[in-house]
Every structure is written in structure tokens, then in C-alpha cells.
Amino acid sequence: MKIGVFDSGVGGLTVLKALRENFPEVDLFYIGDTARVPYGNRSPQTVIRYSIECATFLVEKGVDILVVACNTASSYALEALRVKFALPVIGVVEPGVREALKVTKGKVGVIGTLATVRSGTYQRLLRREGVEVFSKACPLFVPLVEEGIFKGNIVKAVAEMYLKDLKKQGIDTLILGCTHYPLLKDVIQEVMGEVNIVDSSLATAHQLEHLIIKEGEGETALYFTDESQNLYKLIKILLGNNLKPVILQEDICHGKS
Ligand code: DGL
């Protein structure tokens with residue numbers, strides 16, 4: 001069984017890691033669109049187009065399930081992907097919301113890219129359940145992670161700047177609404193103090209449980225649309241191995257989207 005996973009860059013590797021740990025028997029194909037990261041400040045139309053291109057690449061690899069390991073793409077492109085491809089398409093937003101609802105006492109914060117926060121997807125799903133929601137876009141977090149900077153004074157200062165209002169609101173749960181953010185979790189937790197931090201990667205893996213056929217031993221193939229400076233270091237940190245990625249030399253979908 002083959003699962004295709006995509007993100008704008010390395011952030012989706014947090015989801016890939018959870019999938020690998022939970023389903024050792026599936027083949028995992030990952031594409032990180034490092035040539036065009038970040039998606040989080042693009043228009044909805046562009047996010048949809050890039051998402052269809054990444055998904056087309058994975059579908060051509062013969063995947064049985066598509067995991068959209070990007071909150072920005074999950075917020076805007078799920079519908080378009082489900083219409084275009086006849087296979088299960090799983091996003092990261094709903095699993096994150098479900099996880100937050102399990103632990104919250106009623107006040108949830110959501111942090112994500114500008115596009116994710118603007119889409120209002122998290123806010124809508126949470127408010128429907130009677131939860132009070134506060135959100136904040138944190139656009140500097142993604143470049144920090146892509147640069148391999150996960151802690152230290154700069155990350156702390158940026159986190160304090162973005163999170164101070166959420167802290168004042170007295171939220172009890174914070175959803176990391178971007179798959180890059182789990183890499184900054186320690187600093188975010190330190191700044192926020194005693195709040196539940198929800199990372200949807202594990203919840204997303206659990207959502208696939210009933211779709212997986214468990215037989216054999218799976219392999220992992222990593223593709224990126226550009227060789228970013230810290231790619232190898234980040235793969236090592238995130239996946240704990242020296243898996244060699246393939247850097248694609250041409251457009252991912254040859255104009256087929
Ligand atoms: N990791 C992605 C997300 O979950 C996208 C970050 C970006 O490209 O801006 O939204």
C-alpha cells in the first residue's frame with residue numbers, strides 16, 4: 001500500500017514521521033515543494049494550483065491515499081483535490097480540531113500561516129462545537145524552521161511577539177495549525193506556560209488507521225522541488241536517518257494541472 005504526502009517544504013515531514021511510526025508496512029512517498037515555499041502568504045487560487053501539482057506528482061507514483069500534510073493546503077484545496085482525484089484525501093485540520101476538542105475546557109488558540117488563519121477553517125470548525133476561538137498568524141515561524149533554527153533567543157523573541165495576545169486571552173489549548181510548528185514546540189510551550197499544545201501529526205496518522213492494509217515492510221521516498229540549504233540536516237533531525245532525497249530537476253506536473 002502506498003501513501004502520498006505533500007507539504008510546501010520540510011514541515012510535512014512531522015506528519016510523515018508519525019505515519020512511518022504508526023504504519024511501518026506502507027510505502028511512503030513525500031514531496032516538499034521547497035522551490036515555492038512558503039504557501040502561507042499566497043492567494044487561495046495559487047495554493048489550490050500548487051496543491052494539485054504536488055498531488056498529481058504523487059498520484060502518478062501510484063499512491064492509494066493522499067495526505068495533505070500542510071494546513072494551508074488543507075484549508076483551501078481539500079475540496080478541489082477530492083473532486084480531481086478518485087482516492088481518499090486526508091487533511092490535517094480536522095484531526096487537529098478533533099484532538100483539541102478532547103482536551104479543551106472551552107478556550108482554544110490557533111496559530112498558523114496568514115492564509116490558514118484568513119481561511120477561517122479552524123475557527124469555523126471549533127465554533128461549531130461551542131468553543132471560544134482566538135487566532136494569530138505567525139509568518140516568521142516557517143522561514144525559521146526552513147533555516148533549521150528551532151530554539152534560542154531569536155525564536156523566543158519571535159514567539160513572545162506572536163503569542164502575547166493569545167496568552168492574555170487565557171486560552172487553555174493551543175493548536176499548532178502549521179506542520180512546521182511542531183519543531184518549535186519547546187519554545188512555544190515555554191512561552192505559553194501551562195496550556196495544552198495540539199500537534200495534529202499524530203491525530204492525522206490515527207485518522208488513517210481504518211484505511212491501511214497491514215502487510216510487508218514499507219519504504220520511504222523523499223522528493224523535493226529544490227535543494228534548500230538545510231534539507232539534509234532537517235531530514236536527519238526529523239526522521240533520524242540519512243535517507244537521501246531526490247531533488248527534482250523539472251516542473252512537477254509538466255503543465256498538466
Ligand atoms: N507547513 C505548511 C502549513 O502547515 C505551510 C507553511 C508555508 O508554506 O507557509 O501550513
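One-based numbering, in listed order, for ligands and for the atoms of each.
- Of all atoms in ligand 1, listed by their number and element, those nearer than 4.0 Å to a heavy atom of Thr72 are 3 (C), 5 (C), 10 (O).
- Under a cutoff of 6.0 Å and an axis angle of 45°, Arg36 and Tyr50 form a cation-pi pair.
- For Val142, every heavy-atom contact with ligand 1 shorter than 4.0 Å involves the side chain, none the backbone.
- Numbered from 1 in the order shown, with element, the atoms of ligand 1 that lie under 4.0 Å from a heavy atom of Tyr39 read 7 (C), 8 (O), 9 (O).
- The shortest heavy-atom distance from Cys178 to ligand 1 is under 4.0 Å.
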### Message
If you apply the rule side chain to side chain contact (heavy atoms under 4.5 Å, CB included), what do you find for Phe6 with Tyr30, and how did you get there?
### Response
CA-CA 6 Å; Phe6 78 85; Tyr30 181 89; over 6 Å; no
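- No side-chain heavy atom of Val68 sits less than 4.5 Å from a side-chain heavy atom of Val92.
- With 3.5 Å as the limit, one finds a donor-acceptor pair spanning the side chains of Asp172 and Thr104.
- Ligand 1 has no N or O atom lying under 3.5 Å from any N or O atom of Thr113, backbone or side chain.
- With a heavy-atom cut-off of 4.0 Å, Val37 touches ligand 1 through its side chain alone.
- When non-hydrogen atoms are compared, ligand 1 lies under 4.0 Å from the side chain of Asp7 (C-beta onward) but not from its backbone.
- Scanning the protein heavy atoms around atom 3 (C) of ligand 1, the nearest turns out to be Asn71 N, 3.2 Å.
- The protein non-hydrogen atom at the shortest distance from atom 9 (O) of ligand 1 is Gly40 N, 2.8 Å.
- Using a cut-off of 4.0 Å between Lys/Arg side-chain N and Asp/Glu carboxylate O, Glu21 and Lys17 are scored as salt-bridged.
- With rounding to the nearest 0.5 Å, the separation of CZ in Phe134 from CG in Leu166 is 8.5 Å.
- The shortest separation from a heavy atom of Cys70 to ligand 1 is under 4.0 Å, placing the residue in contact.
- Atom 5 (C) of ligand 1 has as its closest protein heavy atom Ser8 OG, 3.3 Å.
- Using a 4.5 Å cut-off on side-chain heavy atoms (C-beta onward), Ile3 and Asp27 make no contact.
- Atoms of ligand 1 lying under 4.0 Å from at least one heavy atom of Pro38, given by number and element, are 7 (C), 8 (O), 9 (O).
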### Task
Determine, step by step, whether Tyr39 and Thr113 satisfy the side chain to side chain contact (heavy atoms under 4.5 Å, CB included) criterion, reporting the C-alpha distance in whole Å, the side-chain angles of both residues, the deciding distance to 0.1 Å, and the verdict.
CA-CA 8 Å; Tyr39 283 10; Thr113 66; over 6 Å; no
